[in-house]
Amino acid sequence: MPFRLRRHRAINRILTPRLIGNFLAGGVLAISLCQILKPAVAADRIYASYAVLERSISIAALEEYAKNGKIEEDLAVYARYVTPDDLEELRKILRARADLDPVVISQFLYTRQGEVLLKRLGEVIQSGSGNSGFYGLRAALILAAADDEGLTLLNVLRQFPTSEIRVNLQRALQMAQELQGWVNQTKRAIDGVERFATADAREKEDDAIEFAEDLQKPGNQRWQKRSLQFSDRGRKILNISKDRKLDTDIYLPQRNDGQPAPTLVISHGLGSTRKTFAYLAEHLASHGFAVVVPQHPGSDARQLEALMTGVAREVAKPEEFVDRPLDITFILDELESLERNNPEWKNTLDLQRVGIIGQSFGGYTALALAGAPINFDRLHRDCRQEEESWNVSLFLQCRAQDLKRRDEVLRDDRIQGAIAINPLTSSVFGQESLSQIQIPVAIVSGGADTVAPALVEQIQPFTWLSAPDKYLLLMKSGTHFSTLGQEEGVVSFPPEAIGPNPALAQRYMKAFSLAFAETYIADRSAYKPYLSSSYIRSLSQESIPLSLIRSLGETQLAEMLGRRSPLLRNQ
């Protein structure tokens, strides 16, 4: 029984609201199906088996314990083998409720990503006959979400459409060991990065300068926001012509020196909008940068809404891997035209030295524009094991395979520096592509990121970069959503998905982005000391420890992980 409780914890970490909320990717199911799928029978007993051993417990006994704390005879057999703390944790797990719309749940569970997850869980949670619990789990999850009691583990068990549920503990152990190995490797890598950063900061303490400026505070430059819509009617991808309408906010500083403002572009992530990083755009504009923030129409919040209402079949089509970088290039072309032909825009923007900042899918976008081409050979290799991987970001990356093969160059030579926050990199780029980037580049990673895991999507890919100026900024307890600003009308995430102190994570991004942009886009060398482990250490606070390193080799990473050779496929 203690073993089974530990497995519950592992599986509970897999099936979380953040995973469901962020990997919606197609499939339509009407709310009415929740009632159509009402089972004629419902589960009343759980049989847990390991090899030839098998024990059972009634769901009624679990329900009585969850609701009233009473241990009936069925549960008493197991209770002898666990601590009171383990029992109390079981009670919390049984009652914990995720307030998720049944339409959202059903949409996700009918997508490829959802079906892969169900297939994996179905190996552990099976029907009474011992067959995969795939279909029973899907029905139970939808019905539980639609039920007044809501989506709790107890309600999912109750809604399972067979009279018996079998739990394959042997397979659960294998899965838990795989997950634990993943967790342990990530922890060792994060600890190693922290040690490197601390050692570097201490080594340079004697040379440290006084950091006179607080880069987290707004600058003294006044600015105004202009909203434009650009329309690319001539774009053609996969033999499909499209009229791509690009709503774009431009934050313009009111400079007094008559010089064009150094320019930055911000690319939002999947399911977000151009307002997601408004806080960062405003901060950078107050320090004299022009900030261009487009909305990518094929992978934004409107696309997600279309998916949830049944209008669209997926949250992002494969073409988005090409469309997104082309959006940026097209907007920069249009702004150059405005500068040449419209007196109002004359001398406002410096478009020959542009920086880009992107988060998640926007992080991919930034790195593609910086010079990393899509790596179809790597995708072909890695995506063969897509269904066995615990790296859920691989599902999105593998969608790029449907582009078949394109030799189109996505790099834009105007981009002179790139910051990629929680980027997707491991398979869509791989070492062969990331090593082609030669401009200054920074990767920002969250140690608690379960969407684009830090080790395989940021830390190891950092070792593949060959650019002379490269940085890895690690927010140890940061998640995939820590740096996102809050927006009305956009899918919100539960606090555990956002992580601790998002306001602090956003202040970190203000300071680091400003130091990077001043150094490499505005060409102000006085700001380079702020891109140091010493300065980053001075910003770091306990709720989100912060570390910065400038180099890491594959051999060093292998030593961190306790391996003779560097990890790592998308396991």
Side-chain angles (χ1 to χ4, degrees), residues 190 193-194 197 201 210-221 223 251 253 264 266-269 272 274-289 291 293 355-360 362-363 366 417 419-423 442-449 454 458 471-487 492-493 495-522 524 527-549:
I190 289 171
V193 169
E194 285 190 313
E210 176 139 2
F211 299 109
E213 189 173 349
D214 184 352
L215 302 188
Q216 297 178 106
K217 290 184 176 180
N220 55 16
Q221 189 78 57
W223 55 270
Y251 298 76
L264 302 170
I266 299 179
S267 177
H268 65 75
S272 295
R274 63 191 186 279
K275 296 179 182 178
T276 303
F277 285 94
Y279 77 88
L280 185 57
E282 292 171 2
H283 180 73
L284 294 167
S286 76
H287 284 273
F289 289 90
V291 188
V293 190
I356 185 164
I357 303 168
Q359 190 268 340
S360 190
I419 299 175
I421 309 167
N422 314 114
I443 292 178
V444 180
S445 182
D449 188 340
Q458 291 102 44
Y471 302 85
L472 175 64
L473 182 71
L474 174 66
M475 300 184 192
K476 184 174 184 178
S477 52
T479 74
H480 197 71
F481 313 105
S482 293
T483 62
L484 273 61
Q486 295 299 303
E487 304 174 67
S492 58
F493 304 104
E496 62 268 23
I498 297 172
N501 207 342
L504 176 61
Q506 292 166 24
R507 291 201 299 274
Y508 287 164
M509 284 313 306
K510 288 179 181 179
F512 183 73
S513 299
L514 180 59
F516 186 92
E518 291 280 19
T519 301
Y520 294 112
I521 308 305
R524 298 180 181 127
Y527 283 87
K528 193 164 187 177
Y530 291 89
L531 292 173
S532 65
S533 52
S534 299
Y535 178 68
I536 294 303
R537 190 180 182 190
S538 75
L539 297 179
S540 181
Q541 295 187 27
E542 185 177 354
S543 60
I544 309 181
L546 196 63
S547 302
L548 180 74
I549 60 174

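Since we're looking at a predicted model, the values are computed, not measured.
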To the nearest 0.5 Å, tell me how far Leu539 CG sits from Ile544 CD1.
-> 12.0 Å
Would you check if Tyr535 and Leu548 make a side-chain contact, meaning some heavy-atom pair closer than 4.5 Å?
-> no
Quick one: does Ser513's side chain get under 4.5 Å of Phe277's, heavy atoms only?
-> no
To the nearest 0.5 Å, what is the distance between CG (Leu531) and OH (Tyr520)?
-> 6.0 Å
Any sub-3.5 Å donor-acceptor pair from His283's side-chain atoms to Leu215's backbone N or O?
-> yes
Write down the atom of Val291, the atom of Ile266, and the distance for their closest heavy-atom approach.
-> CG1-CD1, 3.8 Å
When you measure from the side chain of Ser482 to the backbone N and O of Ile498, does any donor-acceptor pair fall under 3.5 Å?
-> yes
Heavy-atom closest pair, residues Gly446 and Ala454 | O-CB, 3.5 Å
Would you please classify the geometry between the Tyr251 ring and the Trp223 ring as parallel, tilted or perpendicular, with 30° and 60° separating the classes?
-> tilted
Scanning both residues in full, the closest heavy-atom pair of Pro423 with Gln458 reads O-NE2, 3.1 Å
Nearest heavy-atom pair of Ser286 and Gly219: which atoms, and what distance?
-> OG-N, 2.8 Å
In Å, rounded to the nearest 0.5 Å, how long is the span from CE of Met475 to CG of Asp449?
-> 11.5 Å
Sequence neighbours excluded, every pair satisfying side-chain hydrogen bond (donor to acceptor under 3.5 Å, both in side chains) that has a member inside residues 538-549 = Asn501-Ser543
Nearest 0.5 Å, what's the CG-CD1 distance between Leu280 and Ile419?
-> 8.0 Å
Report, as yes or no, whether the 6.0 Å neighbourhood of atom CG on Asn220 holds more than 12 heavy atoms from other residues, nucleotides or ligands.
-> no
Thr483 side, atom OG1; Tyr508 side, atom OH - distance, nearest 0.5 Å = 13.0 Å
Under 3.5 Å, is there a donor-acceptor pair between the side chain of Gln359 and the main chain of Ala420?
-> no
For the student: nearest non-hydrogen atoms of Ala201 and Ser533, plus distance | N-OG, 3.3 Å
How are the rings of Tyr471 and Phe512 set relative to one another: parallel (under 30°), tilted (30 to 60°) or perpendicular (over 60°)?
-> perpendicular
Has the side chain of His268 got a donor or acceptor atom that lies under 3.5 Å from a matching backbone atom of Ser360?
-> no
Between OH on residue Tyr279 and CZ on residue Arg507, distance to nearest 0.5 Å = 11.0 Å
Could you note down all residue pairs passing salt bridge (charged side-chain N to carboxylate O under 4.0 Å, His left out) where residues 509-518 supplies at least one of them, sequence neighbours left out?
-> Glu518-Arg524
Main-chain N/O of Leu284 paired to Gln221 side chain as donor or acceptor, under 3.5 Å = no
Closest non-hydrogen contact found for Gly358 with Ala366 is N-CB, 4.2 Å
